[in-house]
Q: 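Submitted below is the structure of interest, expressed as structure tokens.
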There are 2 protein chains.
Amino acid sequence: MYERKILPHLNCGLDLVGEVLYGKWKIRILWFIHEGHKRPSELLRKIPDVSRRVLNIQLKELEEHELVTRKIYAVMPPKVEYDLTEFGKTLIPIMHTIGLWGDEHQERLKRVILKQFQDNDANEA
Amino acid sequence: MYERKILPHLNCGLDLVGEVLYGKWKIRILWFIHEGHKRPSELLRKIPDVSRRVLNIQLKELEEHELVTRKIYAVMPPKVEYDLTEFGKTLIPIMHTIGLWGDEHQERLKRVILKQFQDNDANEA
DNA sequence: TCATATAGGGAGAAATTTATCCCTATTGTT
DNA sequence: AACAATAGGGATAAATTTCTCCCTATATGA
């Protein structure tokens, strides 16, 4: 496992939120768990771009940050279920607001994000 | 300048938001600009942990993403002012909600974040 | 017997982000 | 003359995150 060398800055609320929500897939993981897709295999199907490895790591971090719980069923094949903790549930309005903003401004966001790549392509040609 | 090699995933609103708000200092930069600290030197003083270099880069990205405008005054020494665009202003409620959550849960967040570092220290000792 | 589904870890590479150090330029101040 | 404040870029290093590939293990079904 990678071990951090630098202590994070924890000066304000935004620093703290960053520490637990930074991570390419974390908000989506939380959101899908909230929607009832609790098993790792389900999450993999819902988020096809994440690798199994990274999903595991981010789930473990979310668990360490007390945003989700992990319940292991003693069955074979293995079954694991994640749930939002009460603390994790307090994030639902935030995730909702963020997702909504992204959906509302979808066209514009796609345009400004892809702009850079088109510039790059033009330079390469 | 670093040039990205991999096209980002833009499957849902959350992907799009991530593309423009990912960046260690971006939300804080936007927030302080919103609060009226518009000049780079002011931002540096408000966010002492960010380096001048990284501030410049993230400001430029925010500008490319049409969240802020950059106004250059033809004076000496140089003067530059950033402002939120109308588009950027639509983020204010989100930034506000996120910061509030962080402040509300400050104690708990600090505890769960620092927990890992204490574990590491223990292992090293 | 062999493939599949389940859950997960280790090692190491690759990509990306952030930080550091050193430049340019101008005006005013000590 | 030397130095600070202003804004910003280039090169490069360091830190961090993400990805890829390859392992373990067990029960079920073909």
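Just the heavy atoms: all of them, side chains too, but no hydrogens, waters or symmetry mates, feed the values below. All values derive from a computational prediction rather than experimental measurement. Quick note on labels: first sequence line is chain A, next is B, and so on, each numbered from 1.
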Q: Which parts of nucleotides 1-8 of chain C does protein reach within less than 4.0 Å, heavy atoms only, written one letter per nucleotide 5' to 3' as B for base, S for sugar-phosphate only and - for none?
A: -----BBB

Q: Could you tell me the separation between the CD atom of A:E3 and the C1' atom of C:dG10, rounded to a whole number of Å?
A: 15 Å

Q: Please report the distance, rounded to the nearest Å, between NZ in B:K26 and P in C:dT16.
A: 14 Å

Q: Ring-plane angle category for A:W25 and B:H9, please: parallel below 30°, perpendicular beyond 60°, tilted otherwise.
A: tilted

Q: With DNA chain C as reference, determine whether B:E61 or B:R53 sits nearer its 5' end, using the nearest nucleotide of each.
A: B:E61

Q: Salt bridge check: are A:E66 and B:R111 linked by an N-O gap of less than 4.0 Å?
A: yes

Q: To the nearest 0.5 Å, how far apart are NZ in B:K24 and CG in B:D49?
A: 8.0 Å

Q: Taking only side-chain N and O atoms of A:Y2, does any of them lie within less than 4.0 angstrom of OP1 or OP2 on C:dG9?
A: no

Q: Mapping A:L7 and A:V50 to their closest nucleotides on DNA chain D, which lands nearer the 5' end?
A: A:L7

Q: Should B:Q58 be listed as having a side-chain N or O under 4.0 Å from OP1 or OP2 of C:dT18?
A: yes

Q: Does a nitrogen or oxygen in the side chain of A:K24 sit under 4.0 Å from OP1 or OP2 of D:dC19?
A: yes

Q: Rounding to an integer number of Å, can you tell me how far A:R4 CZ sits from C:dA19 P?
A: 12 Å

